Amino acid sequence: AIQLTQSPSSLSASVGDRVTITCRTSQGFSSTFAWYQQKPGQAPKLLIYDASTLETGVPSRFSGSGSGTDFTLTISSLQPEDFATYYCQQFNSYLFTFGPGTKVDIK
Amino acid sequence: QITLKESGPTLVKPTQTLTLTCTFSGFSLNSKGVGVGWLRQPPGKALEWLALFYWDDDKRYSPSLKNRLTITKDTSKNQVVLTMTNMDPVDTAAYSCAHSVRITVAGRMGYYFDYWGQGILVTVSS
């Protein structure tokens, strides 16, 4: 089975900081990747699909990149509403895998 | 406006079978490129995908749970039902259903979850 790892598992940052989260897959062939944001008590929200395409309505401070087995979510200038847990998701052979999540909290 | 809502028991005993229903509106599961999936999240832990019912009646399951899961649909009621057998306390989690949409970018096709239900917390305990 495909395994996703995310690093770091958690981080503390300040408003205005640039934040980078990495997702690595054990098998990247013929796959697509997405990033979700989840706040406590809320459903996940799709931020980025196809590794780098911003979902409609998502602020441009969010960006995604990567290919093959390594993917990155970057928040260019962290805002108060961005403190949340972020998950990467892989789609491969009509199956889905989620990463373990990265919690971003206030320094 | 797409909405989804989960319903079912909030408490099940070990070894019992869990049956959850997702009732949705605002889309048709017969529409090309659409799916309805089930996911879960144990308290304080990560998201886990369980199963998905695709528009063309294809059904896929998490490899680690496929022997315990069955996903079906009732088109007339706009519902997707998930059953999970042999429940265990480790299966305690918030179970959610979600709308999945197919998006193709530069020839790369993927399905993504863009609308979610509120989730239902299922506790497994004797």
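Quantities reported herein were computed from a predicted structural model and do not represent experimental measurements. Here is the naming used below: chain letters follow the sequence lines, and residue numbers restart at 1 for every chain. Keep in mind that the numbers below use all heavy atoms, side chains included, and drop hydrogens, waters and symmetry copies.
Nearest heavy-atom pair across B:A46 and A:G99 is CB-O, 4.0 Å.
A continuous path of ILVMFWY side-chain contacts below 4.5 Å connects A:I106 to A:L11, so both sit in one hydrophobic cluster. A single hydrophobic cluster is seen to contain both B:M87 and B:L69, as judged by linkage of ILVMFWY side chains at heavy-atom distances under 4.5 Å, directly or through other members. Both B:L20 and B:L29 are members of a single hydrophobic cluster when ILVMFWY side chains are connected at heavy-atom separations under 4.5 Å. B:F113 and A:L95 fall within a single hydrophobic cluster, where Ile, Leu, Val, Met, Phe, Trp and Tyr are joined by side-chain heavy atoms under 4.5 Å apart, directly or via other members. By the criterion of side-chain heavy atoms lying less than 4.5 angstrom apart, applied directly or through intervening Ile, Leu, Val, Met, Phe, Trp or Tyr residues, B:I71 is grouped together with B:V12 in one hydrophobic cluster.
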Enumerate, including both backbone and side-chain atoms, all donor-acceptor pairs under 3.5 Å from chain A to chain B.
from: A:T32; atom 1: OG1; to: B:Y112; atom 2: OH; distance (Å): 3.4
from: A:Y36; atom 1: OH; to: B:F113; atom 2: N; distance (Å): 2.9
from: A:Q38; atom 1: OE1; to: B:Q41; atom 2: NE2; distance (Å): 2.9
from: A:Q38; atom 1: NE2; to: B:Q41; atom 2: OE1; distance (Å): 2.9
from: A:P44; atom 1: O; to: B:W116; atom 2: NE1; distance (Å): 3.4
from: A:D50; atom 1: N; to: B:Y112; atom 2: OH; distance (Å): 3.1
from: A:D50; atom 1: OD1; to: B:R108; atom 2: NE; distance (Å): 2.8
from: A:D50; atom 1: OD2; to: B:R108; atom 2: NE; distance (Å): 3.3
from: A:D50; atom 1: OD2; to: B:R108; atom 2: NH2; distance (Å): 2.7
from: A:Y87; atom 1: OH; to: B:Q41; atom 2: NE2; distance (Å): 3.1
from: A:S93; atom 1: O; to: B:R60; atom 2: NH1; distance (Å): 3.1
from: A:Y94; atom 1: O; to: B:Y54; atom 2: OH; distance (Å): 3.0

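Against chain B, no residue from residues 12-21 of chain A qualifies, as none has a non-hydrogen atom under 4.5 angstrom away.
Within the 4.5 Å cutoff, the side chain of B:L52 has heavy atoms near those of the A:F96 side chain.
Residue contact with chain B, scored on non-hydrogen atoms closer than 4.5 Å, is absent for A:P40. Using a 4.5 Å cut-off between heavy atoms, B:L39 touches chain A through its side chain atoms alone.
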